[in-house]
Amino acid sequence: MTDDTLLDRALIRLEEAASHLQIDQDVIEKLKYPRETTKTRLLIRMDDGSRKSFLAWRCRYDDTRGPTKGGIRFHPDSTIEEVETLAFWMTFKCAVMNLPYGGGKGAVRVDPHALSKTELERLSRAYMQAFASTVGPDRDIPAPDVYTNAMIMGWMADEYNQITGSVSPAVITGKPIALGGSLGRNDATARGGFYLVRHLAQELGLSGSRTVAIQGFGNAGQFFAQLADEDGNKIVAVSDSTGAIHKPDGLDVARLIEGKNAGRHVADMAAELGAAVIPSDDLIAVDADLLVPAALEEMITVDNAASIKAKVVLELANGPVTAEADKILTDKGIVVLPDILANAGGVTVSYFEWVQNRQGFYWDLEEIHARLKKMMEREGRAVWAIAQDRSVSVRSAAYIHALGRLATAIEAHGTQPFFAG
Ligand code: GLU
């Protein structure tokens, strides 16, 4: 492996898409670099009286199409490159879905599981204190991401309101319902992916009952398991950060989720569920129609891509498949439904939350689901058609779809016509 960064590797997808379109060089120059990334240190008081300092970032990658939008991750391995790459992906994700947003992302390098609830609250509030002038309902709108949740968004919203002396729920999404959160935001990432697969089931060869393997059992993985299970699919394998389990005739999803919510790991529940514990690395290789990476970046690489047996990969995580692994999957005839489309349900319902906050009128769950379904199907169908017309992968098609919108917006803002005389 060369010493290129995660962002360099992500930009391969931009260049690939650009090669299919008549894109002005101005557009690529603008999208190749993050517009601004702020780095700070959050100094918080721990419960034992000591002080501890944590690295934190917020990146506003591109705001051509609207205020920057994207989650905040709390993870011990977070880096600036990761934050900037995730913000790049958000830029394209919002464009794929035609949301009036640019892309952003934030992170704190911390293991949140090692903090008490009060320490976590102080850290969340410190984040908002540090970035209060970066964010704003018309500037940059954070949301949950890996290891952050509605409770944390609630603390951050409250802190922002105290700093500004007003109540601006639209500054952050994924809030608790009581503080202006939207119904349907908690399962939105999984539900969006679920609607997408169901809509394209015939084209994907996934009609009827399917078997599913899920890598990662956090918010997206759990809700996807639940939705797929209720829809008559068999969840044959799941993993979390500590292990994986396999049961070819289907796992009891309700019990798994119950155990997970009680703080247990999936492998610890194997015996009572009648499942076998398998090495985490083997999860992607189990016999299943659909493989759902729902954990972190670059889990499927040149080293393991060839072992995948699934017909379809649904990327609920951001960036789980490397560009080189993509080629292996394409050669094997495996269709990858790419992150910037497949997991866009989360930010789409975040958009609904922001709209509801601004209009001060809230929709019922039925309306949220209907709107999400319509948008996933509309953009999913458009991407699918591009893939067929141009004989490219679904990922390339999604980038082409997004880049077309970004290019139109960049050109509409730009000075290029002036210089072109
Ligand atoms: N963190 C989610 C993502 O990566 C959601 C972002 C949002 O709702 O703004 O898409």
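Since the structure is predicted, the reported quantities are computational estimates derived from the model, not experimental observations. Whatever order the structure lists ligands and atoms in, that order sets their numbers, starting from 1.
For atom 5 (C) of ligand 1, the closest non-hydrogen atom of the protein is Arg185 NH2, 3.5 Å. Regarding atom 9 (O) of ligand 1, its nearest protein heavy-atom neighbour is Lys69 NZ, 2.8 Å. At the top of the distance list for atom 7 (C) of ligand 1, counting protein heavy atoms only, stands Ala143 CB, 3.3 Å.
Side-chain contact between Asn98 and Arg405: present, with at least one pair of heavy atoms (C-beta onward) separated by less than 4.5 Å. The shortest distance between side-chain heavy atoms of Ile172 and Val135 does not fall below 4.5 Å. At least one side-chain heavy atom of Ile300 sits less than 4.5 Å from a side-chain heavy atom of Pro293. Contact of the Ser124 side chain with the Met151 side chain is not registered, since no non-hydrogen atoms from C-beta on lie closer than 4.5 Å. Under the 4.5 Å side-chain criterion, counting only non-hydrogen atoms from C-beta, Ser182 is not in contact with Thr173. For the pair Met269/Ile245, no side-chain contact is recorded, criterion being any heavy-atom separation below 4.5 Å from C-beta on.
Shown in contact with Lys93 at under 4.0 Å from a heavy atom are these atoms of ligand 1, numbered in order with element: 3 (C), 4 (O), 10 (O). Heavy-atom contacts of Lys105 reach the following atoms of ligand 1: 1 (N), 3 (C), 4 (O) (cutoff under 4.0 Å). Near Val347, meaning under 4.0 Å from any of its heavy atoms, are these atoms of ligand 1: 7 (C), 8 (O), 9 (O). Below 4.0 Å from some heavy atom of Met90 lie the following atoms of ligand 1, by number and element: 3 (C), 4 (O), 6 (C), 10 (O). Here is the list of ligand 1 atoms found below 4.0 Å of a heavy atom in Asp145: 1 (N), 2 (C), 4 (O). Interface of Ser350 with ligand 1, defined as ligand atoms under 4.0 Å from a residue heavy atom, comprises 7 (C), 8 (O), 9 (O).
Remark: Glu203 engages Arg381 in a salt bridge, criterion side-chain N to carboxylate O under 4.0 Å.
Residue Asn318 touches ligand 1 through its side chain alone, judged by heavy-atom distances below 4.0 Å.
Contact between Arg73 and ligand 1 is absent, with no heavy atom of the residue lying under 4.0 Å from the ligand. Contact annotation: Pro144 has at least one heavy atom less than 4.0 Å from an atom of ligand 1.
For Arg35, the CZ atom is loosely surrounded, since the number of other residues' heavy atoms within 6.0 Å does not exceed 12.
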